[in-house]
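Report on the following structure.
In what follows, every chain begins at residue 1, and chains take the letters A, B, ... in the order their sequences are listed.
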Number of protein chains: 2
Amino acid sequence: MGTQNLRKDVHTDGTPVLCLSCEARHRGICGALTPEQLTALSKTSWKHKAAEGQELVADAERIESYSNILSGVVKLTKTLADGRQQIVGLQFAPDFLGRPFKAESRITAEAATPVQLCSFPRSTIDRMIRESPGLEHKLLEQTLKELDEARDWMVTLGRKTAAEKVASYLLMIARHIDPSAEPDEASATFDLPMTRADIADFLGLTIETVSRQITKLRTDGVIVIENNRHVVVPDLERLEIRAGS
Amino acid sequence: MGTQNLRKDVHTDGTPVLCLSCEARHRGICGALTPEQLTALSKTSWKHKAAEGQELVADAERIESYSNILSGVVKLTKTLADGRQQIVGLQFAPDFLGRPFKAESRITAEAATPVQLCSFPRSTIDRMIRESPGLEHKLLEQTLKELDEARDWMVTLGRKTAAEKVASYLLMIARHIDPSAEPDEASATFDLPMTRADIADFLGLTIETVSRQITKLRTDGVIVIENNRHVVVPDLERLEIRAGS
DNA sequence: CGTGCTGTTGATGCTCCTCAAGTACCGTGG
DNA sequence: CCACGGTACTTGAGGAGCATCAACAGCACG
């Protein structure tokens, strides 16, 4: 009963106003914080928005803050000296954005769609990591998840054909952002969060090849497209077959 | 003085015999354990060897044990339904081998060279993770390192030419296993820990293309090869240029 | 109604894959 | 000792897949 009361207090009085309706408090890393820590963090954190295309973290930049993604999609890119670019990760709400234990990033983070963020100073989180094992555990779980995803994409990049790459991409996006996402739904509807150029950089292809493969999926009836961005997948299984599993 | 004495005890009496000369105790995850934990772990752990090519963790297998790699190279691979294969990671001593918090692996781990391992039951480590924040911190650091490496390879897989891929691979191997590895040495000498087939699976190429590119590097004087495996890189900078940075 | 951006479509060529043959190196057994 | 088979690697010829270059369509913007 006592703990029941305490827990109730957390949700009513203990939680900072800023965090009350925040998804990161439930599914994100803030779920690992005590009400006291949450209060302390909320005093130095700030919510803000970033427009599509805006750079959030620059390559080789000193990092002074981390963020939670509250909505939208963030792309992580790496660029070679001659300008060739590769997207090495996509992050969705309520992912944590930042590289703990390294002062400098070797990655560029950019808003792929309009994005809402909740940012806080690096030093605060670094300190809380030391104090709170639960926070480190959350970070480890997200990092392991990102590593699993990165390795899945390595197979796609290294061993799949252009057609399979595009199908795999559509499948991944459908699973992440279909608003009507029943997990075992046979169909999906969503808006592509990225331009053809972004998709090409993600798949290691050119925009022309991406365009041609999307056209092929469309003429084959695997997908329906309106306005170049809105996608309907009437039968996800057909798309899965195209993705080469 | 008291802690000084305690620390001295750790190194003389407190450390289990099995672990006394073990590299994992210094640079690996065991460095995060207390002498008591180390003793407890050593009672259920066992050192063993695996021959080149031996499967250490099978795809879709239930995992009942984790390991530290004491020597040798382990390759992590993923395979598509039709047999196409991609190496998604290489691990060297004293890396930790295993995927915490997941009972099943979606990856195959195989000895690329003869390998020495120190294995222990999954349950023991899972418990120690809960008890010891330092251990979780070590795991987080290794996972972040692996994620950084995976993302670097995504650029190589997605955006580099065959010639650049092979040069990048040689450069990475040189940095990991040149025994005379002075960090800012201009030259390097080492034995390739993998066959041409492995290298191809790592780079998303065919063995023929790998062979041709190695031949080209050889005839251009960038590398010298004896017995197909022993490699000398007289000037690492020349190789770096070929790797497309 | 131009201008710029995003996306599509077509023609051509290069990179790398596929198929095939051949070499070098090993341990085995005659 | 050499024949033998197996494995790893190399080299060549030809072709498929994707990149490159180029033109064009649709749409939003001032």
| Heavy-atom check, side chain of A/Arg84 versus side chain of A/Thr79, under 4.5 Å | no
Would you kindly check whether a donor in the side chain of A/Arg212 faces an acceptor in the base of C/dG7, or vice versa, at under 3.5 angstrom?
no
Whole-Å distance, B/Asp201 CG to D/dA8 P, equals 13 Å
To the nearest angstrom, the CD-C1' distance between B/Glu52 and C/dC26 comes to 14 Å
ask   = Which is true for A/Thr206 with a 4.0 Å heavy-atom rule: it touches a base, it touches only sugar-phosphate, or it touches nothing?
value = base
* Does the separation of the ring centres of A/Tyr66 and A/Phe96 fall below 6.0 angstrom? -> yes
Residues passing the side-chain hydrogen bond (donor to acceptor under 3.5 Å, both in side chains) test with B/Ser168, sequence neighbours excluded, are B/Lys160
In whole angstroms, the gap separating C1' of D/dG17 from CD of A/Glu164 amounts to 13 Å
Separation of C/dT18 atom C1' from B/Leu205 atom CG, nearest Å, is 14 Å
| Are OP1 or OP2 of C/dT9 and a side-chain N or O of A/Thr215 less than 4.0 angstrom apart? | yes
Quick note, A/Glu208 side chain, CB onward, closest among C/dT18, D/dA19, C/dT9 is C/dT9
Atom NZ of A/Lys216 with >12 non-hydrogen neighbours under 6.0 angstrom:
no
One would report the end-axis bend of the helix from C/dC1-D/dG30 to C/dC26-D/dG5, five pairs per end and rounded to 10 degrees, as 30°
Short side-chain N/O contact to C/dG7 OP1/OP2 from A/Arg229, under 4.0 Å | yes
Atom CG of A/Asn227 and atom C1' of C/dT8 are separated, to the nearest Å, by 15 Å
Here the distance between atom P of D/dT11 and atom CD1 of B/Ile214, to the nearest Å, is 11 Å
Mind checking if B/Gly53 touches a base, just sugar-phosphate, or nothing, with heavy atoms under 4.0 Å?
nothing
Decide side-chain contact (heavy atoms from CB on, under 4.5 Å) for A/Glu110 and A/Glu52; before the verdict, give the C-alpha distance in whole Å, the side-chain angles of both, and the deciding distance to 0.1 Å. CA-CA 8 Å; A/Glu110 194 178 323; A/Glu52 183 179 329; over 6 Å; no
Q: Indicate whether OP1 or OP2 belonging to C/dC16 is found under 4.0 Å from a side-chain N or O atom of B/Thr209.
A: no
Of B/Val210 and A/Ala163, the one whose nearest nucleotide on DNA chain D sits closer to the 5' end is B/Val210
Whether A/Arg196 contacts C/dT8 is assessed here as follows: a side-chain N or O lying under 4.0 Å from the phosphate OP1 or OP2. Is that the case?
yes
For A/Val74 and A/Ala109 the tightest heavy-atom approach is CG1-CB, 4.2 Å
Are A/Phe202 and A/Trp153 an aromatic pair, judged by ring center distance below 6.0 Å? yes
Whole-Å distance, A/Lys216 NZ to C/dG10 C1', equals 17 Å
Of D/dT11, C/dC16, C/dG7, the nucleotide closest to the side chain of B/Ser211 is D/dT11
Here the distance between atom P of C/dC16 and atom CD1 of B/Ile207, to the nearest Å, is 17 Å
Tested for side chain to side chain donor-acceptor pair (under 3.5 Å) against A/Ser119, the lone hit among A/Ser67, A/Ser65, A/Ser45 is A/Ser67
